[in-house]
Amino acid sequence: MRKMKFKIGNKIFGGFLILIVLFVLNASIIFYNGNVIDQVVNRSSEVIRPSKEAINDFILLVTRSKMLITNWVYLQSNTDDKDALRDLHEFDYPELKEDITGLMVNWEIDSQKQLMDSVFTEFDKLLKVEKEVMGQLVTFENYEDPLTKLLAEDAIESQIIPLTSSIISMLDKVAEMQQEVTEESDADLKTAASQLRNITIILGVIIVALSLFMAFVMARSITRPINYIKDIVVKLGKGELVDDSGRNYNNDEIGEMASAMDSLIHGLRSTTLFAENIGKGSYDSEFKPLSDHDVLGNALLEMRENLSRVAEEDKKRNWSTEGLAKFGDILRKNNDNISKLSDDIVRNLVKYMRANQGGIYIIDDNESDDPCMTLMAVYAWDKKKYLNQKVYKGEGLAGQVWLEMDTIYLTEVPDNYIKITSGLGDANPKSILIVPLKVNEEIYGVVEIASFYAFEEHEIEFVEKIAETIASTVSSVKINAKTQSLLEESQEMTEQMRSQEEEMRQNMEELQATQEEMQRGQAEAENTMEAINQAVATVEFDPEGKIVNVNRNFLDLMGYSKDELVGEFHRIFVTKEEKTSDEYKLFWRDLSSGQVKEGEYMRIDKTGKARYLKESYAPIRNRDGSTAKIMMFTTDITEYK
């Protein structure tokens, strides 16, 4: 049986058809992996990392809630923390809960969602307990009431602290799960990139190997140009990208194939160089696809844009994170001297922002009718001219920021507003950034920065975050200063109390003697009362006329037992007409208000018989002047009537 022979054109057509299929397969796989990388990157930036930051913010919120409610109980005059706790209940927590709830929709771990729902439930319980404590300790009298204060302190120890620890523990577990998701996302990104690289190499090797095989098969039937093409393919199989020889090809199938090979070499060279630059992080490299339909080239361009965007966002985020950590350390080291603190802040802030000048204003603590801010510290400013500068609310840009409590950013600076001076001269800045030092809707000062360059949006946001931290530290410094002053006053009062101790001891001795005398008088009064009970009928009423106690003389007189009378009202002894009369109502209204009554009255005993009694009513008052109870002393005068 004769073997079927193929023309060289058919062989070349068949070989290139296979190569095209593999090339398309290669491009499709690369495009698919590029989309996978894009999806992983988008999910990381839109869901995973914001979720991690939101969980960390929740942990800080829980810790801050415990601190503020503790200060509520133990620091009666700390109105700032009380306002901060109210804001946390009304604004901070609802906003954070809304953010986390929106992110939870995209969480893939059900147990993480369930645990987060449990956190919300437990924190709502914590807020409910805090509100009860806040409701108990409102006025000065509440704080002075030992029982109320004890209950509030017990709520802190037995409910708030355990609940806070439980919530933070659950949040730590949620954070661990989120960290695992973040690490898994990063691993997916690395895996997808590695797969893209490996698949490209494998398919490239397959294409090269197939090309070598085709060259070997067709070596006998093709001419010198084909041998030339064979040499190129061999070198490509070794990983070499040969230079363009500039050879002219015949206008035939072989010439077309050679020209296509040259185009392939140019495309691979530019694509390889572009891929290497992306791998090195050079996202601004120029690259032009072979055509509008170059799938591989367009996929690489899209991948470059996505990676460049993610790298830029990470760079900005890392810059902000490093800055927050740096200034956090500065604020911790210098939290006892506001002048040194201000100087370190403005100097480091100007340098970190790559600006040229800066200043920080602090609001004076005096209680004058016209409050003002003082320029506490400056950097690269004319200190002799500006260091003692005072700014009033609404005056200038700094005063306007104080008044409106909002950031002002200028890119068109007036000519005479400020000059940036150097050894070579001076010039107007290109931009001015003025940010309020605000925390919990209370402003403590203003920070102002001038630069020859425009500030980017993330830089402005960074300064606003730092300003809030600075405001919190300034508030703490001022509170510490006030606390120190109060401590000194307390020490002076202690010395005065020691000097009065001897006098108090003498007074106590006199008081003890007086108390012994009062005890003797009380014993005499009790004996007197016992004698009255034996001689006179007595009844004890509450201010409304209900019988509280009654002695034996009255029970014998009226024919009742004690159980029958205790809890009944005075109306049991009067006629039906008198019960509804205005005089009777006025009689008890006067007694309740503390008036003494005395007279002869007709009363009805248990059998319904009328008796005439001579009654004296004596109201007994509480310390505040209100009527505590009413004593009635009576004698029977029926036989005289």
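Between the side chain of S472 and the backbone N or O of E468, no donor-acceptor pair lies under 3.5 Å. In this structure, Q114 contributes its side chain and S111 its backbone to no donor-acceptor pair below 3.5 Å. In terms of modelled atom types and a separation under 3.5 Å, the side chain of N356 and the main chain of F452 share a donor-acceptor contact. For the pair D154 (side chain) and L150 (backbone), a donor-acceptor distance under 3.5 Å is absent. In this structure a side-chain-to-backbone donor-acceptor pair under 3.5 Å is missing from S166 to P162. In terms of modelled atom types and a separation under 3.5 Å, the side chain of S65 and the main chain of L61 share no donor-acceptor contact. In this structure a side-chain-to-backbone donor-acceptor pair under 3.5 Å is missing from N440 to E442. Proximity of a side-chain donor or acceptor of W72 to a complementary backbone N or O of L137 within less than 3.5 Å is detected. A donor-acceptor pair is defined here as one N or O able to donate and one able to accept, closer than 3.5 Å; no such pair exists between the side chain of K465 and the backbone of I460. Distance alone, capped at 3.5 Å, places no donor-acceptor pair between the T374 side chain and the M376 backbone.
A side-chain N or O of E183 and one of Q179 form a donor-acceptor pair less than 3.5 Å apart. With hydrogens and angles left out, the side-chain atoms of S169 and D172 include no donor and acceptor closer than 3.5 Å.
In summary, D124 and K97 engage in a salt bridge, as defined by a charged side-chain N under 4.0 Å from a carboxylate O. One finds a salt bridge joining E122 and K125 here, because a Lys/Arg side-chain nitrogen approaches an Asp/Glu carboxylate oxygen to under 4.0 Å. A salt bridge links D344 to K340: at least one charged side-chain nitrogen sits closer than 4.0 Å to a carboxylate oxygen. The pair E459-R354 meets the salt-bridge criterion, with a side-chain N (NZ, NE, NH1 or NH2) lying under 4.0 Å from an Asp/Glu carboxylate O. Between R64 and D92, at least one side-chain nitrogen of the basic residue sits less than 4.0 Å from a carboxylate oxygen of the acidic one, meeting the salt-bridge criterion.
The two atoms that bring A454 and S431 nearest to each other are CA-OG, 3.8 Å, heavy atoms only. Here the closest heavy-atom approach between residue A54 and residue L96 is recorded as O-CD1, 3.9 Å. The minimum heavy-atom distance linking K438 with M405 is given by the pair NZ-O, 3.1 Å. F455 approaches Y409 most closely through the heavy-atom pair N-OH, 2.8 Å. Taking all atoms of both residues into account, the shortest heavy-atom contact from V463 to M353 is CG2-CE, 3.5 Å. When all heavy atoms are compared, the tightest approach of Q400 to G394 is OE1-O, 3.7 Å.
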Dump the intermediate steps for side-chain hydrogen bond (donor to acceptor under 3.5 Å, both in side chains) on T321 and N318, then the final yes or no. CA-CA 5 Å; T321 302; N318 291 336; 5.2 Å; no
Can I362 and V446 be said to form a side-chain contact (heavy atoms from CB on, under 4.5 Å), step by step? CA-CA 7 Å; I362 300 298; V446 170; over 6 Å; no
Evaluate side-chain contact (heavy atoms from CB on, under 4.5 Å) for I470 paired with V447, printing each intermediate quantity in order. CA-CA 10 Å; I470 294 171; V447 61; 5.8 Å; no
Please evaluate residues F120 and I100 with respect to the criterion side-chain contact (heavy atoms from CB on, under 4.5 Å), reporting the C-alpha separation (whole Å), side-chain torsions for both, the decisive distance (0.1 Å), and the verdict. CA-CA 10 Å; F120 287 140; I100 295 177; 3.8 Å; yes
Working note: F91 + R86, criterion side-chain contact (heavy atoms from CB on, under 4.5 Å); need CA distance, chi angles, decisive distance, verdict. CA-CA 8 Å; F91 303 106; R86 295 188 187 100; over 6 Å; no
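Between W319 and Y352, a ring centre-to-centre spacing shorter than 6.0 Å is recorded.
In this structure, K149 places its NZ atom where more than 12 heavy-atom neighbours from other residues, nucleotides or ligands lie under 6.0 Å away. No more than 12 heavy-atom neighbours from other residues, nucleotides or ligands sit within 6.0 angstrom of OH on Y453. Under a cut-off of 6.0 angstrom, the local environment of CD in E98 is sparse, with at most 12 non-hydrogen atoms contributed by other residues, nucleotides or ligands. More than 12 heavy-atom neighbours from other residues, nucleotides or ligands sit within 6.0 angstrom of NZ on K326.
For the pair E141 and T148, the minimum side-chain heavy-atom distance is 4.5 Å or more. Residues I434 and Y361 fail the side-chain proximity criterion, which asks for heavy atoms closer than 4.5 Å. No side-chain heavy atom of P436 sits less than 4.5 Å from a side-chain heavy atom of W402. Here the side chains of L433 and T407 are in contact, with some heavy-atom distance below 4.5 Å. Q112 is not listed as a side-chain neighbour of M116, based on a closest heavy-atom distance of 4.5 Å or more. Annotation: side chain of K390 is in contact with side chain of D364 (closest heavy-atom distance under 4.5 Å). Two residues are said to be in side-chain contact when any heavy atoms from C-beta on lie closer than 4.5 Å; V401 and V435 fail this criterion. Counting heavy atoms from C-beta outward, V378 and I360 have side chains that stay 4.5 Å or more apart.
Under the 30°/60° scheme for interplanar angles, the aromatic rings of F58 and F123 are found to stand perpendicular.
Taken from CD in Q136 to CG in N142, the straight-line distance is 8.5 Å, to the nearest 0.5 Å. Taken from CD in Q76 to CG in N78, the straight-line distance is 11.0 Å, to the nearest 0.5 Å. The distance from atom CD1 of I55 to atom CG of L60, rounded to the nearest 0.5 Å, is 12.5 Å. In this structure, the separation between CD1 on I69 and NZ on K131 is 11.5 Å, given to the nearest 0.5 Å. One finds the OG atom of S165 at 5.5 Å from the NZ atom of K66 (value rounded to the nearest 0.5 Å). How far CD of Q178 is from CG of L103: 8.5 Å, rounded to the nearest 0.5 Å.
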